[in-house]
Structure formats: C-alpha cells, structure tokens
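All of these numbers come straight from a predicted model, not from anything done at the bench. The first residue in the sequence is number 1, and the count goes up from there. The figures that follow rest on heavy atoms only: side chains count, while hydrogens, waters and symmetry mates do not.
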Amino acid sequence: MNTFEIHGIRYGWFEVCFTPHSEKQGWLTNSDYLQCDAPKYFLDALANILEEKSGEEWLCWQDEPGAYILRLALENGKVAVEIFLAPDSMELPYRGAELASAEKEFEYGNSFDIMELLDDVIVEFSLYENGNGLAVYNRHWDVFPEKEFQRLKRFTVSFNKGLDKYHKLFCLTY
C-alpha cells in the first residue's frame, strides 16, 4: 500500500497526499507566500516522534488563506496522522502545541505502520535529493532539507539494521 506521495512541487506550492490510491485521501498543500517550509518541518517532526523526542507534533501547512494543520503521533506502535482544516492561516504558528487549540475542522485520519510510512516518505523525498529532482525542488520550492532528510534516513537504518535497501539505494553508511 502506498501511504505517502509528493503530489507536486511547482511555482511556490508543495502538495502531498497520504493514502493517495485509496478511497479516503489526506491532502496537504503549502504555499511559500508566508515562507513556511512545511516539508522541512514535516521531516523534522517525523524524526522527533520516531526518536521519541516528543509524543506528538503539530504542523501548519499554509494554504492561502486557510491552512491545513497536521498532527503526527506515535500511538500503539503506529504513526497516527490527522489532518485538520483551519479557516485562516495568517496568525497561526508554523509548528507547536498551540495548533492543537486552533479553530479547525477534522478532515482526515489514519494510522500507519512505521516502516511502511518511512519507506514511502524516504523514497518520495529521495526523488528530489539530487539531479533534476533537486533542481525542480530548489527552483519551485526552497532549498532541499538535506539535514532533516539525512536524520530521518539515519533513524530508519538504526531502527532496523536489516533494512539493507536503505544502505544501497541511498548510499547511507553505518
């Protein structure tokens, strides 16, 4: 099952989808209008909850004029993903627990096996890590979040050393 997909990076917009090929999909769209680098914050937040540095992470995806609010949490050995719609994004912080109390409407929720979600997130972002993909990312969005991406890959390998494909596919060293 495909759990996560980068749907598009173009002209200052970044769009992702959770469970893109199922009946119920969770969409997040972010505009660079307010300089909120939601993809970078997403990678960092995912690493934080998986490394158990925090129990849950709240992120704002600016969508002119509204916003999507993303909640990530580790629950019962799975990654819980919840997406809410907020009517106005201008006053919202880019991340933090304050977003939990923001005015919002529930849009999507799902729980994912940790390794399935990590596999999809790493594969999707790796398409933009270098070459033409990196040029597209940097031209249409912002600087690729290399530090956050490498941190997530290191965690993935440390989580399960049997994941040899990460070493081969992404040239990670132990």
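- For Phe42 and Phe14, the ring centers sit 6.0 Å or farther from each other.
- In the hydrophobic clustering (ILVMFWY side chains linked at under 4.5 Å, chained through shared members), Phe84 is joined by Trp58, Ile69, Leu92, Leu99, Phe106.
- For the pair Arg95 and Glu57, the salt-bridge criterion is met [side-chain N within less than 4.0 Å of a carboxylate O].
- At distances below 3.5 Å, not a single donor-acceptor pair connects side-chain atoms of Asn48 with backbone N or O atoms of Ser54.
- Side-chain contact between Ile6 and Leu127 is absent, with no heavy-atom pair separated by less than 4.5 Å.
- The residues Lys153 and Glu129 are annotated as salt-bridged, a charged nitrogen and a carboxylate oxygen being separated by less than 4.0 angstrom.
- Between Thr156 and Met115 the shortest side-chain heavy-atom distance falls below 4.5 Å.
- Aromatic ring centres of Phe144 and Tyr128 lie farther apart than the 6.0 Å criterion allows.
- Side-chain contact, Ser31 with Gln62: no donor N or O sits under 3.5 Å from an acceptor N or O.
- Looking at Lys147 and Asp44, no side-chain N of the basic residue comes within less than 4.0 Å of a carboxylate O on the acidic one, giving no salt bridge.
- Between Tyr108 and Phe18, the two ring planes are parallel [angle under 30°; tilted spans 30° to 60°].
- The 12-atom threshold is exceeded at CD of Glu75, counting heavy atoms of other residues, nucleotides or ligands nearer than 6.0 Å.
- No close placement of the Trp13 and His140 rings is indicated, their centers lying 6.0 Å or farther apart.
- Contact check for Tyr41 versus Trp61: no side-chain heavy atoms found under the 4.5 Å cut-off.
- Residues Met90 and Pro65 form no side-chain contact, since every pair of their non-hydrogen atoms from C-beta on lies 4.5 Å or further apart.
- When all heavy atoms of Trp141 and Gly12 are compared, the closest pair comes out as CZ3-O, 3.4 Å.
- For the side-chain hydrogen bond (donor to acceptor under 3.5 Å, both in side chains) with Thr3, the lone residue among Thr19, Asp120, Asp119 that qualifies is Asp120.
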